[in-house]
Amino acid sequence: MPGVMARSGTGRRRTMNEINMVPFIDVMLVLLIIFMVSAPLITTGVVDLPSVGRAKQRPSAVVEVIVGQDEKLRLKVDKGEAEPVALAQLAARVREVQRDQADVPVVISADRQVKYESVVKVMDTLQRAGVQRVGLSVKQGG
């Protein structure tokens with residue numbers, strides 16, 4: 001008989017080692033329902049994007065690269081005439097205009113109908129050539 005008692009004692013310990021998952025699952029389902037109900041009630045924040053203002057001080061000289069609707073490039077120095085230039089010679093022409101003044105900004109102006117890829121190609125060409133200040137031209141106001 002003592003051997004039988006020992007066996008029944010170990011059987012009880014074995015059942016005590018098992019974890020009951022039902023309360024855990026119930027709590028998780030309640031939390032899931034709470035999040036599902038409250039998620040649509042949360043209002044999304046409005047992001048205020050900065051508007052383009054006027055520059056306080058206009059640079060003395062500006063090199064402007066104009067990308068037309070036909071995706072042909074023209075180079076305009078200050079308020080001079082725009083002269084046609086190929087993409088392959090663009091970097092060399094800009095460096096020639098900048099000469100000793102590496103801080104002269106280069107502005108890329110593109111028509112609204114021009115593909116984004118064309119503008120990125122121009123910007124990439126200038127940045128690979130080591131031109132420091134490259135920016136995009138925008139229209140003032142809304």
Side-chain angles (χ1 to χ4, degrees), residues 1-98 101-142:
M1 282 266 182
V4 175
M5 289 282 195
R7 286 185 194 148
S8 64
T10 58
R12 286 184 191 157
R13 287 187 184 147
R14 233 182 254 150
T15 57
M16 294 298 284
N17 288 340
E18 294 178 12
I19 297 174
N20 191 1
M21 294 295 291
V22 174
F24 177 72
I25 293 170
D26 289 344
V27 169
M28 294 306 288
L29 287 174
V30 168
L31 288 174
L32 178 67
I33 291 170
I34 290 171
F35 284 122
M36 287 173 58
V37 169
S38 64
L41 301 176
I42 298 172
T43 58
T44 57
V46 177
V47 178
D48 291 327
L49 296 176
S51 61
V52 177
R54 297 175 187 249
K56 293 182 182 177
Q57 186 177 27
R58 181 166 171 80
S60 59
V62 176
V63 177
E64 186 175 5
V65 179
I66 302 168
V67 184
Q69 278 187 325
D70 54 358
E71 297 183 14
K72 291 188 179 178
L73 303 176
R74 291 178 292 154
L75 187 68
K76 183 177 178 182
V77 181
D78 290 332
K79 302 217 184 258
E81 286 293 319
E83 54 188 55
V85 64
L87 183 62
Q89 288 82 32
L90 178 64
R93 291 279 298 132
V94 169
R95 300 291 272 168
E96 178 184 317
V97 170
Q98 284 185 335
Q101 301 174 343
D103 62 336
V104 173
V106 178
V107 178
I108 301 172
S109 300
D111 191 80
R112 187 181 298 236
Q113 305 300 322
V114 174
K115 291 181 187 175
Y116 183 68
E117 180 183 4
S118 302
V119 177
V120 171
K121 279 183 186 177
V122 171
M123 186 178 284
D124 184 51
T125 301
L126 292 172
Q127 288 179 344
R128 285 179 189 258
V131 178
Q132 295 297 319
R133 297 177 63 188
V134 178
L136 296 174
S137 176
V138 293
K139 190 182 287 187
Q140 296 288 334

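Bear in mind that the values here come from a model prediction, so they are computed numbers and not experimental data. Every heavy atom of this structure was used, including side-chain atoms; hydrogens, water molecules and symmetry mates were not.
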Distance from [X] atom [atom1] to [Y] atom [atom2], nearest 0.5 Å?
X    : Y    : atom1 : atom2 : value
M36  : L29  : CE    : CG    : 10.5 Å
S109 : R74  : OG    : CZ    : 10.0 Å
L90  : L126 : CG    : CG    : 4.5 Å
D124 : L87  : CG    : CG    : 9.5 Å
L73  : Q89  : CG    : CD    : 10.5 Å

Handout entry: D26 and V30, any side-chain heavy atoms less than 4.5 Å apart
Key =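 No, every pair of side-chain atoms sits at 4.5 Å or beyond.
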
Identify the heavy atoms of [X] and [Y] that sit nearest to each other, and give their distance.
X    : Y   : value
R93  : V85 : CG-CG2, 3.9 Å
I66  : A82 : CD1-CB, 4.2 Å
G130 : R95 : O-NH1, 3.6 Å

Handout entry: The single option from V122, V67, D70 passing side chain to side chain contact (heavy atoms under 4.5 Å, CB included) against V114
Key =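 The residue from V122, V67, D70 that satisfies side chain to side chain contact (heavy atoms under 4.5 Å, CB included) with V114 turns out to be V67.
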
Problem - Candidates V77, V104, V106 - the one meeting side chain to side chain contact (heavy atoms under 4.5 Å, CB included) with V97 - result: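 That would be V77.
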
Practice task
Look at atom CD of E117 and say whether more than 12 heavy atoms of other residues, nucleotides or ligands are closer to it than 6.0 Å.
Solution key: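 Check fails, neighbour count at 12 or below.
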
